[in-house]
> 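Following this message is one structure expressed as structure tokens.
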Amino acid sequence: MYKVLVPVDSNEERSQRQADYVANLPDSSENVEVFLLYIFSESSENPPKDFDGTKSASRIPTVRRMNEFFEDEGIEASILEDSGRTADRILEEAEEYDVDEIVLGSRKRSPAGKVLFGSVAQTVILESDRPVVITPS
């Protein structure tokens with residue numbers, strides 16, 4: 001089984017691009033296991049508008065939609081949640097679940113900003129010993 005870690009935030013478009021990438025992996029419905037990771041970070045003290053109070057990743061709209069998407073595609077998915085510094089949590093969860101690949105979504109950036117990835121993506125790329133895919137914005 002090919003295991004993929006997909007860190008998810010509250011951006012629908014970015015999350016859908018990540019999901020589409022995973023669904024297009026070879027034999028995804030038979031050979032891919034997805035770990036959806038939502039991180040309650042210290043910098044995001046205000047939860048998404050649709051969030052109803054109890055901290056649970058399964059209550060985050062993008063996480064629910066991605067989980068449903070993978071279910072519809074016949075891809076096994078598990079929801080993980082963590083809190084703390086985003087890049088650190090991604091790297092630790094990748095290690096804990098021994099994933100084969102990490103799939104991050106990119107943010108739209110200014111022309112000058114396109115030279116560098118965001119700090120989370122850059123940290124994960126530089127510090128991970130696993131393949132990291134950045135889906136386009």
> Side chain of E81, backbone of A57: donor and acceptor closer than 3.5 Å?
yes

> Got K3 and F35 here, is their nearest side-chain heavy-atom distance under 4.5 Å?
yes

> Do V120 and I90 have side chains that approach each other closer than 4.5 Å (heavy atoms only, starting at C-beta)?
yes

> Do V133 and Y21 have side-chain heavy atoms sitting under 4.5 Å apart?
yes

> I'd like to know if the side chain of D27 and the backbone of E30 have a donor-acceptor N/O pair within less than 3.5 Å.
no

> Which heavy-atom pair separates R14 from T135 by the least distance, and what is that distance?
O-OG1, 4.5 Å

> Could you pull out all residues at least two apart from D20 that satisfy salt bridge (Lys or Arg N to Asp or Glu O under 4.0 Å)?
none

> Any side-chain to backbone donor/acceptor pair from R17 onto P136? Under 3.5 Å, distance only.
yes

> Show the nearest heavy-atom pair for residues S128 and I102, with the distance to one decimal.
OG-CD1, 3.7 Å

> Would a distance-only check, ignoring hydrogens and angles, find a side-chain to backbone donor-acceptor pair under 3.5 Å from T123 to D88?
no

> With the threshold set at 4.0 Å, does a side-chain nitrogen-carboxylate oxygen contact exist between R130 and D98?
yes

> Any sub-3.5 Å donor-acceptor pair from S28's side-chain atoms to A23's backbone N or O?
yes

> A side-chain contact here means heavy atoms from C-beta on lying under 4.5 Å apart; do D9 and S15 qualify?
yes

> So do E101 and L5 actually touch side chain to side chain, heavy atoms under 4.5 Å?
no

> Can you check whether L80 reaches Y38 side chain to side chain, under 4.5 Å on heavy atoms?
no

> Do L36 and F70 touch side chain to side chain, with heavy atoms closer than 4.5 Å?
yes

> So which atom in A121 and which in I134 form the shortest heavy-atom distance, rounded to 0.1 Å?
CB-CD1, 4.1 Å

> Would you say that V124 contacts L104 through its side chain, given a criterion of any heavy-atom pair below 4.5 Å between the two side chains?
yes

> Would you kindly say whether E33 and Y2 are connected by a side-chain donor-acceptor distance under 3.5 Å?
no

> Under a 3.5 Å threshold, yes or no: a donor from one side chain and an acceptor from the other, between Y97 and E92?
no

